[in-house]
Each structure stands twice: as C-alpha cells, then as structure tokens.
There are 2 protein chains.
Amino acid sequence: MSPRRQDPLSTEYILLGLAAKGPVHGYDLHKQLGTLDGLSAIWRVKQSQVYALLDKLENMGYLHGEAVPGTAAVLRKQYHLNDAGQRAFDAWMNSPVQHPRQVRQEFLARLYFAQQSGVQVTRQLIDAQYAACQSWQKSIQDALEHNDEPQNFQRVVDAYRLSQINAILDWLDQCRTTLLP
Amino acid sequence: MSPRRQDPLSTEYILLGLAAKGPVHGYDLHKQLGTLDGLSAIWRVKQSQVYALLDKLENMGYLHGEAVPGTAAVLRKQYHLNDAGQRAFDAWMNSPVQHPRQVRQEFLARLYFAQQSGVQVTRQLIDAQYAACQSWQKSIQDALEHNDEPQNFQRVVDAYRLSQINAILDWLDQCRTTLLP
DNA sequence: GAATCCATACTCATTAAATGAATATGGGTG
DNA sequence: CACCCATATTCATTTAATGAGTATGGATTC
C-alpha cells in the first residue's frame with residue numbers, strides 16, 4: 001500500500017487527533033511520538049514523514065498552517081485543526097475497521113483517542129467494533145462449513161483467520177472489563 | 001513499506017516458488033494467481049505488478065528470462081529459476097517470520113509451498129514457527145508482568161498482541177493435526 | 001467474407017509514499 | 001571564543017503500485 005493510496009490511513013488521522021487537542025508543529029509532534037506518547041507502541045514515525053503528512057493534511061483542507069515564532073531561530077509552522085478536519089476525525093473515530101488486519105494499527109489508534117475522551121466514547125467504539133468482528137466471524141464460519149477438505153489451503157487460511165477473529169473478540173471483552181466501569 | 005524497501009517481501013518469493021516448478025511467464029502467472037491457485041486467498045496481484053516483480057527478480061539475479069514464442073503473436077518472456085534464486089527461495093522457506101503481523105501473508109505463503117513439498121517440509125516449517133511464536137509470547141508476558149496499571153495504553157496493546165500470538169499458537173497446533181499424519 | 005471482438009502478451013508513464021540528508025541559527029558550555 | 005547541540009524545516013531520491021496503452025492473430029458474428 002503505497003503509491004496510489006491517496007485515502008488517509010491511521011497515520012494521518014493520528015496527527016489530526018493530536019491536533020484536535022491544540023495547535024501542533026512537526027518538530028514537537030515527532031518528539032512526542034518518539035518518547036512519552038503511548039502511540040509509539042503502534043506507530044514508529046520518522047521526522048520527515050511527520051512533515052510530509054502535515055503538508056498533505058493541509059493540502060487536503062483538514063489542517064491550517066501558519067508560521068509563528070518558536071523557541072528557535074527558524075520560524076515554526078504551526079497547524080490547527082479546522083472544521084473539515086474535525087469532521088473527518090470524528091467520522092474516522094466512528095467507523096469500525098473493516099478487516100482484522102486493520103485492528104493492530106487502525107483500531108488501536110482509535111482506542112487511544114477514545115480513552116482520552118472518556119468511557120462513553122470508549123464503550124461506543126468497542127461495541128461497534130465488536131459487532132463488526134461478529135459479522136466477520138459469521139462469514140468465515142459459513143465458509144468453513146462449506147469446505148470439508150481439511151488439507152485444502154483455503155480452509156487452512158480460513159482457520160487462521162477465524163482464530164485471529166476469535167482472539168480479537170476475547171480481547172475486546174477483556175477491554176470492556178478493564179477499561180469500562 | 002514501500003519506497004526504500006528493496007528487500008524482497010513474500011510477493012517476490014511467491015513468484016520464485018512458482019518458478020521453481022518450471023518455467024513461468026507473466027501473463028500466465030497472473031491468470032493462475034487470479035483463478036484456481038489457492039494463493040489468491042492471501043495475495044491479490046495486478047497484472048502489471050507481476051511483470052514489475054519478474055523484472056526486479058531478474059535484475060536481482062534470481063530469475064533468467066528469455067523470449068520464446070507463445071500462442072500469441074507477441075513473443076512470450078519466459079523465466080526460469082537459477083541457482084541463486086533457488087538458494088534464496090530455500091533460505092526464505094527456512095526462516096520463520098519475525099513478527100506476528102507477518103504470519104498472515106508471509107507465513108501462509110511458506111505454508112502453501114511447504115504443503116506442495118510434502119509433510120516433512122511442512123512439519124519443519126510449523127515447528128520452527130511455533131518456536132518463534134513461543135519466544136514472542138514470553139517477551140510479551142514479561143512485559144505484561146512489569147506493568148500493573150490495567151488502563152495503561154501500552155498494556156492494552158500488549159494484551160492485544162498476546163491474544164493474537166496465543167491464537168497463532170493454537171492454530172499452528174491445529175495445523176499439526178490436520179496437515180500432518 | 002468482412003467486421004468485430006476477445007485472448008494473448010507485454011510496456012510504460014504517472015503518482016504517491018518513505019526516507020536520508022541537508023540547511024540554518026541561536027544559545028549554552030568548556 | 002570555538003564548538004556543539006537543540007530547534008525546526010525542506011528537498012531530492014528511491015521504490016512500489018497501478019492504470020492505461022500497444023500489438024496481433026484467431027474466433028465469432030452477421
């Protein structure tokens with residue numbers, strides 16, 4: 001996934017989410033993401049990539065940037081989230097990921113921001129994703145029932161996928177008990 | 001993962017593996033991968049990408065291509081695996097994937113070719129990957145023991161990862177019983 | 001029997017993302 | 001006073017992915 005992508009992935013939305021808490025600039029974002037911020041557990045980002053993404057998000061009309069004096073000699077380019085950006089971020093937060101492989105980065109990123117917004121948002125996020133997972137589970141179970149050759153490669157793949165989906169469901173349940181009152 | 005990659009991913013090795021069974025050419029590879037071949041379960045590939053990858057593999061010295069007459073008017077470019085290519089493929093087959101996220105494509109691809117090579121190769125592959133998974137499991141369990149704040153984001157991430165790893169271990173066990181005598 | 005369409009087969013220009021490396025400078029330190 | 005480091009950003013390069021294009025012989029249709 002790289003060239004010809006064009007639609008923002010979790011990386012872009014993570015920056016929008018951080019910008020939602022106040023104006024940001026590239027240098028500081030990179031430093032935060034590399035040190036304290038828990039997001040480093042799911043996203044390792046190079047400095048030049050942060051700048052490239054901020055630039056892209058400005059061109060997409062989600063961020064507005066202006067040069068302001070920082071603590072260094074060079075002017076700092078400070079971005080703030082505008083209405084379109086806020087709407088895009090909200091829409092992203094409210095859309096469950098569509099594929100198990102997206103849970104690792106895309107769902108965990110949403111969960112990070114949900115936790116910062118309180119338990120109601122967190123509960124909503126977990127419930128919506130849980131429902132999506134159940135739907136995946138059902139599809140795969142159907143596929144497995146219509147395929148009774150145990151050595152068939154497609155069946156082996158489906159068995160793998162089902163095991164991963166079931167694990168996600170268990171983990172989401174576990175999140176409910178540890179993160180929600 | 002895209003620009004600045006350079007080291008072959010599973011996609012390249014899949015083509016090497018297919019070329020190991022006899023000479024191949026782009027048009028036919030794409031057709032096979034899109035229809036009957038079980039690999040379509042883990043890799044959807046565009047025609048132009050097949051050609052680009054074959055080209056790259058030739059430049060890397062793993063394939064040797066020559067123009068031969070096919071059934072159409074245009075000459076067909078037929079590739080066959082040379083020694084370096086065979087060695088690279090064998091090395092790939094014998095190296096367990098290093099990260100849970102690689103199981104979905106990279107390990108399943110190896111498993112596909114292992115199944116075609118017989119039960120001994122398959123057993124060897126599964127055993128080696130099982131050991132690697134146990135090592136991941138141990139690392140994460142250690143991390144979880146040194147972190148007792150249940151709401152900590154890093155802990156939530158680790159809990160997710162552990163659940164996925166445990167599911168892989170269970171699935172590998174299941175593969176042992178269904179794929180091995 | 002002419003026109004049209006499809007399968008075979010590959011090539012190429014375009015686009016986007018990731019990254020390393022470069023740039024500039026003020027302030028602190030030995 | 002020389003040197004290094006932190007701040008802060010820019011840019012050219014590399015690579016992958018893809019859509020679209022090219023060419024033509026044989027089959028199909030009317």
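Here is the naming used below: chain letters follow the sequence lines, and residue numbers restart at 1 for every chain.
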Could you give me the CA-CA distance, side-chain angles and deciding distance for B:R176 and B:Y130, then say whether side chain to side chain contact (heavy atoms under 4.5 Å, CB included) is met? CA-CA 10 Å; B:R176 280 196 180 114; B:Y130 197 90; 3.5 Å; yes
Which residue lies toward the 5' end of DNA chain C, B:Q78 or A:V45, if each is placed at its nearest nucleotide? B:Q78
Side chain of B:Y27: nearest nucleotide among C:dA18, C:dA7, D:dT7? C:dA7
Give me the ring orientation class for A:H25 and A:Y27: parallel if the planes are under 30° apart, tilted from 30 to 60°, perpendicular past 60°. parallel
Does A:T71 place a side-chain N or O at less than 4.0 Å from the phosphate oxygens OP1/OP2 of C:dG26? no
State which of C:dA9, C:dT8, C:dT25 makes the closest approach to the side chain of B:K31. C:dT8
Of A:V50 and B:G26, the one whose closest DNA chain C nucleotide lies more 5': B:G26
With a 4.0 Å cut-off on heavy atoms, is B:A72 in touch with a base, just the backbone sugar-phosphate, or nothing at all? base
Rounded to whole Å, please give me the gap between NE2 in A:H25 and C1' in D:dT9. 11 Å
Can you establish whether the number of heavy atoms outside B:D83 located under 6.0 Å from its atom CG is more than 12? no
Whole Å only: how far is the CG atom of B:N59 from the P atom of D:dT14? 15 Å
Could you give the CZ-to-P distance, from A:R44 to C:dA17, as a whole number of Å? 23 Å
Give the rounded distance in Å between these two atoms: CD of B:Q49 and P of C:dA13. 19 Å
Give the rounded distance in Å between these two atoms: NZ of B:K46 and C1' of D:dT18. 7 Å
Which class fits the ring pair A:W136 and A:H99: parallel under 30°, tilted 30 to 60°, perpendicular over 60°? tilted
Distance check needed: C:dC10 P versus B:Y79 OH, whole Å only. 8 Å
Using a 4.0 Å heavy-atom cut-off across all strands, classify B:S48 as base, sugar-phosphate, or nothing. base
Residue A:K56, side-chain atoms from C-beta onward, closest of C:dA17, D:dT18, D:dA8: C:dA17
Looking only at side-chain atoms of A:Y51, point me to the closest of C:dT25, C:dT11, D:dA8. D:dA8
Are A:Q174 and A:D170 linked by a side-chain donor-acceptor pair shorter than 3.5 Å? no
Of all the nucleotides listed (C:dT8, C:dA9, C:dT19), which has the minimum atom distance to the side chain of B:R76? C:dA9
Roughly how many Å is it from CD in B:Q47 to C1' in C:dC10, rounded to a whole number? 8 Å
Contact class for B:L53 (heavy atom, under 4.0 Å): base, sugar-phosphate, or nothing? nothing
Take the protein atom NE2 of B:H30 and the nucleotide atom P of C:dA9, then report the distance between them rounded to whole Å. 13 Å
